[in-house]
Amino acid sequence: MIPGSRRRSEAEIWAFPDVWYMLSQCYDQLGDKTNALNAAKQAVTLAPDRPRFVEQLVNQLRSTGQTSEAGEWDLRLQPLRKYREEIDQPSAGSVDRSP
């Protein structure tokens, strides 16, 4: 390794919820519903405040016939979307100083 460089270990990479989300999508495209669901669950476990991750989980639960659990997660989506809209918008008093 080059001195001063920072390289992530494989374990650190798999800790990223985005990786699990994308892996779920890949498994889904390949028709592997079991692993698509497992990957979606992992993404939501690591980042339960991300609406698209919860949406992916809901879709995977429905595709595997787990409609009751999908419905429970689906109920969380609207409040979660509202919450994300509120925290993702810049505050009214902030000034954008980007070039």
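For the numbers below, each heavy atom of this structure counts, side chains included, while hydrogens, waters and symmetry mates do not.
For E69, there are no side-chain hydrogen bond (donor to acceptor under 3.5 Å, both in side chains) partners, not counting sequence neighbours.
For the pair R81 and E55, the minimum side-chain heavy-atom distance is below 4.5 Å. Within the 4.5 Å cutoff, the side chain of R52 has no heavy atoms near those of the Q56 side chain. The shortest distance between side-chain heavy atoms of Q66 and L37 falls below 4.5 Å.
L30 and W20 are members of different hydrophobic clusters when ILVMFWY side chains are connected at heavy-atom separations under 4.5 Å. Under a hydrophobic-cluster definition in which Ile, Leu, Val, Met, Phe, Trp and Tyr are linked whenever side-chain heavy atoms come within less than 4.5 Å, directly or via other members, L75 and Y83 are assigned to different clusters. In the hydrophobic cluster analysis, where Ile, Leu, Val, Met, Phe, Trp and Tyr join through side-chain heavy atoms closer than 4.5 angstrom, L61 is grouped together with L77. Cluster annotation: F16 is not connected to M22 through the hydrophobic network of ILVMFWY side chains, with a link wherever side-chain heavy atoms come within less than 4.5 Å. Residues L57 and L80 share a hydrophobic cluster, clusters being chains of Ile/Leu/Val/Met/Phe/Trp/Tyr side chains in contact below 4.5 Å.
Between the CG atom in N59 and the CG atom in D28 there is a gap of 8.0 Å [rounded to 0.5 Å].
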Evaluate the side chain to side chain contact (heavy atoms under 4.5 Å, CB included) criterion for residues Q60 and S63: first the C-alpha distance (whole Å), next the side-chain angles of each, then the deciding distance (0.1 Å), finally the verdict.
CA-CA 5 Å; Q60 294 308 317; S63 74; 3.6 Å; yes
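Minimum heavy-atom separation, L46 to P17: CB-CB, 3.8 Å. The minimum heavy-atom distance linking V58 with D74 is given by the pair CG2-N, 3.8 Å.
Judged as a ring pair (Phe, Tyr, Trp, His ring centres under 6.0 Å), the pairs with a partner in residues 22-69 (not counting sequence neighbours) are, in order, Y21-F53.
A side-chain donor-acceptor contact under 3.5 Å links T45 to the backbone of K41.
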